[in-house]
Amino acid sequence: MAEILDFIREVVAEDVRSGKHEGRVATRFPPEPNGYLHIGHAKSICLNFGVAEELGGTCNLRFDDTNPTKEEVEYVDSIKESVRWLGFDWGDREYYASDYFDRLYDYAVDLIKAGKAYVDALSADQIRQYRGTLTEPGRNSPHRDRPIEESLDLFARMRAGEFADGALVLRARIDMASPNINMRDPTLYRILKVPHHRSGDTWCIYPMYDYAHPISDALERITHSLCTLEFEDHRPLYDWTLDQLDVPSHPQQIEFARLNVSYTVLSKRRLLELVEGHDVSGWDDPRMPTLVGLRRRGYTPGSIRDFCRRIGVAKKESVVDVAMLEHCLREDLNRWVPRRMAVLRPLRVVIENYPEGQAEEVDVINNPEDASAGTRKVPFSRVLYIERDDFREDPPKKFYRLAPGREVRLRCAYFLRCTGVVKDAKTGDIVELRCTYDRATRGGNAPNGRKVKATLHWVSATHAIPAEVRLYDRLFSVESPGAGGRDYKEDLNPDSLEVVKPCYLEPGLAAATVGEHYQFERLGYFSVDLDSRDGQLVFNRTVTLKDAWARIEGRNLVDSR
RNA sequence: UGGGGCGUGGCCAAGUGGUAAGGCACGGGACUUUGGAUCCCGUAUCGAAGGUUCGAAUCCUUCCGCCCCAGCCA
């Protein structure tokens with residue numbers, strides 16, 4: 001079945017068919033290096049690189065670095081790493097708008113000579129006043145009709161550093177009465193006596209996005225310039241700029257809706273605030289929707305690409321359910337991630353009829369989805385740990401795990417029956433379970449065909465290794481943080497991080513290395529965090545497994561209210 | 001109240017005049033040595049109202065709602 005094309009792919013495919021742009025396809029991903037990439041950028045990356053790849057074209061990585069006051073090399077490095085991690089390759093086509101500063105300057109001179117731009121001496125404040133409002137036209141600047149020679153001279157001196165920041169500005173001469181505010185003589189160049197992370201102090205005037213972007217696209221002979229909806233109003237300016245100049249090509253700008261995901265925020269400003277306000281541990285905090293955060297959390301590039309494919313590309317502003325992202329993740333991980341046993345909240349179990357001091361090894365399946373993954377040996381002995389949640393002294397309806405008198409299966413080991421509960425004399429807390437096992441059920445099946453309703457994961461107390469596990473929940477507790485005029489920080493989920501320690505892992509996990517993925521059976525997918533040290537493993541819970549019991553239990557809670 | 005966009009089930013999203021794809025979520029069932037996975041089954045008349053037409057989500061009209069734009073940010 002042919003994949004359904006989104007409207008952008010349709011346009012590009014049609015252009016290839018009709019021979020527009022000589023049938024070429026050239027796109028670009030143009031991040032501004034002023035922050036880390038997030039899942040929203042992934043949508044754009046997948047679109048731009050995807051379209052190019054599918055139609056035999058190319059996709060450039062271009063840093064839109066025209067504002068030295070906000071941009072840093074730290075960001076370009078991380079952006080490159082994230083794009084690569086996502087699985088895309090820009091070859092040698094790594095560009096920077098700053099590489100075009102010379103040509104951009106020359107084009108500006110052309111504009112002035114053609115009477116299409118002028119140097120204005122109005123202050124930022126005055127320009128705002130002259131701009132008019134949404135419903136009233138603007139007024140011409142008194143300097144709008146300054147002689148061309150004068151503008152040329154002033155512009156050269158702006159470049160030479162003769163004026164202070166903000167003293168002068170180069171403006172396009174378009175139409176102060178345009179209903180499109182972007183066309184009311186937009187600023188093209190401003191003075192910024194700030195060193196640039198690439199061009200150093202070569203320049204003290206810097207081009208604005210609306211001017212630099214179309215020309216950069218044209219110089220790279222981009223065919224389709226894909227951007228988000230908020231730039232739709234800028235398209236007339238994009239086209240105007242290219243129409244005035246003798247540039248190598250005239251790319252077509254097409255806008256699509258940016259991605260929003262429920263229970264998180266996706267704006268650089270807010271993400272920066274979370275980092276600077278220490279609401280998270282950094283850009284790569286596993287709860288962050290940044291690519292470095294998702295990566296550390298244990299998300300795979302493939303799952304993110306799949307997600308971007310599934311959400312589609314359209315012009316409707318939408319909020320995609322984070323459950324969709326999690327679904328893509330689980331689907332990927334389920335296929336290949338090795339299973340292991342780990343007990344997060346241990347409850348001690350003593351098997352009274354199992355010989356003291358004895359131990360044996362049982363064969364445990366590595367991945368039921370993949371027979372070739374084989375089995376491994378896991379030690380079993382008289383004292384085990386099971387999950388506290390897997391025992392209820394007074395089991396509610398539909399709870400079919402362990403309870404007094406009940407028999408369950410220990411995964412790939414034996415049937416186990418609970419014969420007694422040991423409690424702390426003072427607190428009444430359950431501290432240990434007394435049980436018996438049926439040695440005839442080795443491997444997990446009863447010779448007499450007897451069935452059990454539950455299978456529990458377990459770990460041998462004497463063999464298990466301790467570890468720290470970090471459990472994450474959504475960063476925000478509401479679907480759209482900050483909706484209804486609230487401060488989005490009020491919506492932060494106070495329980496988004498829970499550190500559990502010590503947890504007990506089957507011994508083979510001692511060899512786990514940073515970044516590895518595992519499924520802890522019945523609990524979820526986990527990955528080894530970079531905070532791990534020798535003998536002190538730290539795991540991040542990437543995502544839980546779907547949990548039917550939790551749903552039933554939750555539903556009952558709601559029902560009983 | 002200027003301009004530019006957008007409105008298809010809870011969330012995405014196909015559909016471009018011929019009688020509403022698919023995915024996620026949700027509910028039910030089968031199967032199961034992860035209450036996982038897998039497999040079945042189930043849920044919309046398309047923002048509203050008029051109109052054109054044998055026939056409209058698709059064309060026309062009007063209305064309603066939501067988003068973006070008044071940075072020397074991108």
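Each chain gets a letter, A, B and so on, in the order the sequences are listed, and its residues count up from 1.
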Where does the angle between the aromatic ring planes of A:F101 and A:H196 fall among parallel (under 30°), tilted (30 to 60°) and perpendicular (over 60°)? perpendicular
With a 4.0 Å cut-off on N to O distance, would you call A:D438 and A:R450 a salt bridge?
yes
For a quick check of understanding: with a heavy-atom distance under 4.0 Å over all strands, which category does A:V452 fall into, base, sugar-phosphate or nothing? nothing
Whether A:R128 contacts B:G71 is assessed here as follows: a side-chain N or O lying under 4.0 Å from the phosphate OP1 or OP2. Is that the case? yes
Task: Separation of the P atoms in B:G35 and B:A20, to the nearest angstrom - done: 42 Å
Self-check item: Under 4.0 angstrom between A:T66 side-chain N/O and B:A74 OP1 or OP2
Solution: yes
note: A:E326, atom CD; B:A25, atom P; distance rounded to Å ~ 9 Å
### Message
Is it the case that the side chain of A:S262 and the backbone of A:V322 share a donor-acceptor pair, with hydrogens and angles ignored and the cut-off at 3.5 Å?
### Response
yes
> When rounded to the nearest Å, what value does the distance between C1' atoms of B:C69 and B:U16 take?
Replying inline: 30 Å
Between NE2 of A:H234 and C1' of B:A74 the distance, given in whole Å, is 9 Å
For B:C73, the nucleotide meeting Watson-Crick or G-U wobble distances (both under 3.5 Å) is none
_Does the plane of the ring in A:H234 sit parallel, tilted or perpendicular to the ring in A:Y209? Use 30° and 60° as the thresholds._
perpendicular
Please tell me if A:R131 has a side-chain N or O lying less than 4.0 Å from either OP1 or OP2 of B:C69. no
Judged by whether its glycosidic angle lies within 90° of 0, B:G9 is anti
note: A:F256, atom CZ; B:G4, atom P; distance rounded to Å ~ 22 Å
Work out how far the C1' atom of B:A44 is from that of B:C26, and round it to whole angstrom.
15 Å
Whichever of A:N67 and A:K43 has the more 5' nearest nucleotide on RNA chain B, that residue is A:K43
| request: Ignoring backbone atoms, test whether A:R339 places a side-chain nitrogen or oxygen under 4.0 Å from the OP1 or OP2 oxygen of B:G36. | output: no
- Message: Taking only side-chain N and O atoms of A:K546, does any of them lie within less than 4.0 angstrom of OP1 or OP2 on B:G35?
- Response: no
Q: With heavy atoms under 4.0 Å as the rule, sort A:D547 into base, sugar-phosphate or nothing.
A: nothing
Given the options A:K397, A:R392, A:K398, A:R401, A:E553 meets salt bridge (charged side-chain N to carboxylate O under 4.0 Å, His left out) only with A:R392
The residue among A:K377, A:R442, A:R439 that forms salt bridge (charged side-chain N to carboxylate O under 4.0 Å, His left out) with A:E360 is A:R442
message: Looking at A:N180 and B:G4, is any side-chain donor or acceptor paired with a base atom of the opposite kind under 3.5 Å?
response: no
When rounded to whole Å, the CG to P distance for the pair A:L329 and B:A25 reads 13 Å
Exercise for review: On the 0 to 90° scale, with breaks at 30° and 60°, tag the A:Y488-A:F476 ring pair as parallel, tilted or perpendicular.
Suggested key: tilted
Classify A:L545 by what it touches in the nucleic acid, base, sugar-phosphate, or nothing, heavy-atom distance under 4.0 Å. base
Note to self: With a cut-off of less than 4.0 Å, is there a side-chain N or O of A:H327 near OP1 or OP2 of B:C24?
What the structure shows: yes
Rounded to whole Å, CG of A:D239 lies from C1' of B:G4 at a distance of 14 Å
Here the distance between atom C1' of B:G47 and atom NZ of A:K316, to the nearest Å, is 12 Å
Regarding the side chain of A:Q519, the nearest nucleotide among B:C6, B:U34, B:A37 is B:U34
Please classify the nucleic acid contact of A:F231 as base, sugar-phosphate, or nothing, using heavy-atom distances under 4.0 Å.
base
If only side-chain N and O atoms count, and only distance matters, is there a donor-acceptor pair under 3.5 Å linking A:H457 with A:R340? no
Report task. Considering only atom P, compute the distance from B:A56 to B:G18 and round it to an integer number of Å. Result -> 12 Å
Which part of the nucleic acid, if any, lies within contact of A:T187, taking any heavy atom under 4.0 Å across all strands shown: a base, the sugar-phosphate backbone alone, or nothing? sugar-phosphate
Distance check, C1' atoms only: B:U61 and B:U52, in whole angstrom units. 11 Å
Practice prompt. Quick one: label A:E369 by what it contacts on the DNA or RNA (base, sugar-phosphate, nothing), any heavy atom closer than 4.0 Å.
Written response: base
* Using only side-chain N and O atoms of A:K398, determine if any of them is under 4.0 Å from OP1 or OP2 of B:G35. => no
- Item | Under 3.5 Å donor-acceptor pair, A:E317 side-chain atoms to B:G7 base atoms | no
Check: Any side-chain N or O of A:R190 under 4.0 Å from OP1/OP2 of B:G71?
Finding: no
With rounding to the closest Å, how many angstrom separate the P atoms on B:C67 and B:U8? 15 Å
Using a 4.0 Å heavy-atom cut-off across all strands, classify A:V337 as base, sugar-phosphate, or nothing.
nothing
Open item on the list: Taking any heavy-atom pair under 4.0 Å as a contact, classify A:A124: base, sugar-phosphate, or nothing.
Closed with: base
Q: Just call it for A:I205: base, sugar-phosphate, or nothing, with non-hydrogen atoms closer than 4.0 Å on any strand.
A: nothing
